[in-house]
Amino acid sequence: MSGCFERHRTTDSLCEGYPALCKELNVNDGQCRIQRTTLIWQRYDVLKNPTDQEKFKELKDTQKYIYCLEYAARIEPTELKERKTIRMNALYDSYNNITRLNNELASSSDPEIIYYRWSQGDELAQNQFLELEGKPELETPDLQLALASYYISKDKDKTYQLLHHALSLYRKNEVVNQEIIKSLATLSQQQEKLKEAYI
């Protein structure tokens with residue numbers, strides 16, 4: 001029952017109820033509105049359920065917000081000149097939040113987060129990820145694709161098997177990651193398996 005009274009219908013009401021979620025963001029600004037709103041609601045999800053997966057979603061949403069803000073911060077407003085300062089402050093605060101979230105997720109055992117850390121240059125994470133090979137934790141199409149990306153320059157046959165296995169993990173009506181298909185087509189062509197490349 002208490003959950004029903006906690007429902008916020010708008011982002012503004014959420015910010016009023018939990019000001020820390022919106023602090024340092026460029027609120028009341030038309031720039032980056034969608035990314036900002038998504039980030040605020042994700043921060044709320046983390047507040048309610050502070051798991052590694054929810055924090056990882058917040059990290060990705062913060063990155064999208066930063067990507068937008070980096071462009072918006074360059075815009076010189078013709079009116080309300082202080083908006084540029086607010087955008088710059090929001091950008092610097094977002095960089096700090098990325099650092100904080102990366103630190104909080106540094107010891108996560110979640111394979112997606114380990115792969116993300118590896119993709120950011122963390123060699124320890126690469127070893128952790130490779131140790132999961134053959135284990136149930138990696139039995140998702142995207143994680144099999146990630147594993148295949150490691151083997152592409154080392155073992156093309158194994159890469160081919162991993163990509164096929166990634167496709168076999170999809171259930172009926174699931175959207176297939178096109179990178180798996182593109183990678184299979186490219187690899188088939190390189191190995192002169194032209195029929196498979198065409199298929």
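The model shown is predicted, which means the values in this text are computed figures rather than measured ones.
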Under the side-chain contact (heavy atoms from CB on, under 4.5 Å) criterion, do Q144 and L163 qualify, and how do the steps go? CA-CA 7 Å; Q144 288 297 301; L163 291 169; over 6 Å; no
Applying side-chain contact (heavy atoms from CB on, under 4.5 Å), run through Q126 and R117 and close with a yes or a no. CA-CA 8 Å; Q126 177 184 354; R117 288 185 8 244; over 6 Å; no
Under the side-chain contact (heavy atoms from CB on, under 4.5 Å) criterion, do T85 and M88 qualify, and how do the steps go? CA-CA 5 Å; T85 304; M88 289 303 294; 5.8 Å; no
Given side-chain contact (heavy atoms from CB on, under 4.5 Å), test Y150 with W118 step by step and report yes or no. CA-CA 11 Å; Y150 172 77; W118 171 22; 3.5 Å; yes
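S108 places no side-chain N or O within donor-acceptor distance of the main-chain N or O of L105, the cut-off being under 3.5 Å. Using modelled atom types, one side-chain atom of E174 and one backbone atom of R171 make a donor-acceptor pair closer than 3.5 Å. Not a single donor-acceptor pair under 3.5 Å links the side chain of S188 to the backbone N or O of K193. A donor-acceptor pair under 3.5 Å is formed between the side chain of S13 and the backbone N or O of T10.
The distance from the CH2 atom of W41 to the OG1 atom of T11 is 5.5 Å, given to the nearest 0.5 Å. Interatomic distance, CG of L143 versus CD of E133, reported as 12.5 Å (0.5 Å rounding). One finds the CD atom of Q190 at 10.0 Å from the OG1 atom of T159 (value rounded to the nearest 0.5 Å). Distance CZ/F56 to CG/N102: 9.5 Å, rounded to 0.5 Å. Taking CG from D45 and CG from L21, the interatomic distance works out to 10.0 Å, rounded to the nearest 0.5 Å. Atoms CG and CD, on L169 and E139 in that order, are 5.5 Å from each other to the nearest 0.5 Å.
For the residue pair Q191 and D157, a side-chain donor N or O sits within less than 3.5 Å of a side-chain acceptor on the partner. In the model, N97 has a side-chain atom that pairs as donor or acceptor with a side-chain atom of D93 under 3.5 Å.
Between E54 and R43 no salt bridge is recorded (no basic side-chain N to carboxylate O distance below 4.0 Å). Under a 4.0 Å N-O distance rule, the pair K55/D52 does not qualify as a salt bridge. The pair K57-E112 does not count as a salt bridge, with every side-chain nitrogen at least 4.0 angstrom from each carboxylate oxygen.
For the pair L39/Q35, no side-chain contact is recorded, criterion being any heavy-atom separation below 4.5 Å from C-beta on. Under the 4.5 Å side-chain criterion, counting only non-hydrogen atoms from C-beta, L162 is not in contact with L145. Within the 4.5 Å cutoff, the side chain of F129 has no heavy atoms near those of the L124 side chain. Put simply, the side chain of L138 does not reach to within 4.5 Å of the side chain of K135, judged on heavy atoms. Put simply, the side chain of N28 does not reach to within 4.5 Å of the side chain of I86, judged on heavy atoms. With contacts defined as side-chain heavy-atom distances shorter than 4.5 Å, the pair L25/Y65 qualifies. Within the 4.5 Å cutoff, no side-chain heavy atoms of I114 are placed close to those of D110. Within the 4.5 Å cutoff, the side chain of Y116 has no heavy atoms near those of the P111 side chain.
Tracing side-chain contacts under 4.5 Å through hydrophobic residues (I, L, V, M, F, W, Y), one reaches L187 starting from L167; they form part of the same cluster.
Heavy-atom contacts from other residues, nucleotides or ligands closer than 6.0 Å to CD of Q120 number more than 12. Atom NZ of K64 has 12 or fewer heavy atoms from other residues, nucleotides or ligands within 6.0 Å. Counted within 6.0 Å of CD on E192, heavy atoms from surrounding residues, nucleotides or ligands total 12 or fewer; the atom is thus considered open. At most 12 non-hydrogen atoms from other residues, nucleotides or ligands lie less than 6.0 angstrom from NZ of K195. Counting non-hydrogen atoms of other residues, nucleotides and ligands closer than 6.0 Å to CD1 of I34 gives a total of 12 or fewer. Within a 6.0 Å sphere centred on OH of Y67, heavy atoms belonging to other residues, nucleotides or ligands number 12 at most.
For the pair K156 and Y160, the NZ or CZ position fails the cation-pi test of under 6.0 Å to the six-membered ring centre and within 45 degrees of the ring normal.
When each of R87, R36, Q31, R33 is checked for a side chain to side chain donor-acceptor pair (under 3.5 Å) with N26, only R36 meets the rule.
Annotation for L91 and L69: closest pair N-CD1, 3.7 Å, computed over non-hydrogen atoms. Closest heavy-atom contact between A185 and A197: O-CB, 3.7 Å. Nearest heavy atom pair, residue L14 against residue Y44, reads CD1-CD1, 3.6 Å. I40 approaches C15 most closely through the heavy-atom pair CD1-SG, 4.0 Å.
Aromatic ring orientation, Y95 versus Y92: tilted (interplanar angle from 30° to 60°).
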